[in-house]
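Just so you know, these numbers use all the heavy atoms, side chains as well, and skip hydrogens, waters and symmetry mates. Remember, predicted model here, so these are calculated numbers, not experimental data. Numbers here are sequence positions counted from 1.
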Amino acid sequence: GDEPRGAVTNEDYFSVIARFRNGAQGILEACRVINGAKCEMSFAVYGTKGALKWNMEQMNELHLQRRDDANPARDGFTELLSGPAHPFHTYFNPGWGVGLSYDDLKVIEAHTFLASVAGDVDAEPNFGAARAVACVQNAVIRSWESERWEAVAYEMPEGQ
């Protein structure tokens, strides 16, 4: 097409294969140019006893599956809806199935951050979590350069 083109300073797509300390394996992916999902930002966890899935486009729904060897007909995903039993929900909506919005989440994030700064709570994520993310990113960069598995080093290199 006739879209403007210029120098690209970040990756169009990336994928990371990860091995965790407890033996679990994972794949992390992100892409800024593909079509399809508009704001999926999702996660899925699959294990031997069940699975869990969530995505931002349906942010008030959590999908849970528990393995049921005694009754395989019940071995499917169950949709759990956000509601008053979940933190902060009743400040915005009084009932089950009346979901929170993206704006509501931003208000909750701002409240949690400001309460943490004021000293009322120790909020997560915090600077320690941000540092851990940076350490993982450094391991990904080292892996790209070495073309080998790289361990996450929780000591930041000088200058970072």
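- Between Tyr46 and Gln65, the side chains place no donor N or O within less than 3.5 Å of an acceptor N or O (distance only, hydrogens not considered).
- Counting heavy atoms of neighbouring residues, nucleotides and ligands inside a 6.0 Å radius, atom OH of Tyr91 does not exceed 12 of them.
- Annotation: side-chain hydrogen bond (donor to acceptor under 3.5 Å, both in side chains) contacts of Arg74 (sequence neighbours excluded): Asp68.
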side-chain contact (heavy atoms from CB on, under 4.5 Å) between Arg32 and Phe14, worked out: CA-CA 9 Å; Arg32 65 179 185 90; Phe14 90 93; over 6 Å; no
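- Atom CZ of Arg148 sits in a sparse spot, with 12 or fewer heavy atoms from other residues, nucleotides or ligands closer than 6.0 Å.
- Around CD of Glu29, the count of heavy atoms belonging to other residues, nucleotides or ligands within 6.0 Å exceeds 12.
- For Glu145, there are no side-chain hydrogen bond (donor to acceptor under 3.5 Å, both in side chains) partners at least two apart in sequence or on another chain.
- Open room surrounds CZ on Phe127; 12 or fewer heavy atoms of other groups in view lie less than 6.0 Å from it.
- No more than 12 heavy-atom neighbours from other residues, nucleotides or ligands sit within 6.0 angstrom of CZ on Phe113.
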side-chain contact (heavy atoms from CB on, under 4.5 Å) assessment of Leu52 paired with Phe43: CA-CA 8 Å; Leu52 190 65; Phe43 68 82; 4.2 Å; yes
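- Between the side chain of His63 and the main chain of Ala51, no donor-acceptor pair closer than 3.5 Å is present.
- Proximity of a side-chain donor or acceptor of Asp104 to a complementary backbone N or O of Ser101 within less than 3.5 Å is detected.
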Test log, rule side-chain contact (heavy atoms from CB on, under 4.5 Å), inputs Phe92 and Val107: CA-CA 10 Å; Phe92 300 93; Val107 169; 3.9 Å; yes
Stepwise side-chain contact (heavy atoms from CB on, under 4.5 Å) test for Glu61 and Leu81: CA-CA 5 Å; Glu61 303 170 12; Leu81 294 176; 3.8 Å; yes
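- Glu57 places a side-chain N or O within 3.5 Å of a backbone atom of Lys38 that can act as its donor or acceptor partner.
- Remark: Glu109 engages Lys106 in a salt bridge (charged side-chain N to carboxylate O under 4.0 Å, His left out) (not counting sequence neighbours).
- Without hydrogens or angle criteria, Ser143 side chain to Ala139 main chain gives no donor-acceptor distance under 3.5 Å.
- Heavy atoms from other residues, nucleotides or ligands lying under 6.0 Å from CD of Gln25 number 12 at most.
- When atom types are taken as modelled, the side chain of Asn60 and the backbone of Ser82 share no donor-acceptor pair closer than 3.5 angstrom.
- Using a 4.5 Å cut-off between side-chain heavy atoms of Ile, Leu, Val, Met, Phe, Trp and Tyr, with links allowed through other members, Val45 and Val136 fall into different hydrophobic clusters.
- Residue Trp144 places its CH2 atom among 12 or fewer non-hydrogen atoms of other residues, nucleotides or ligands, all under 6.0 Å distant.
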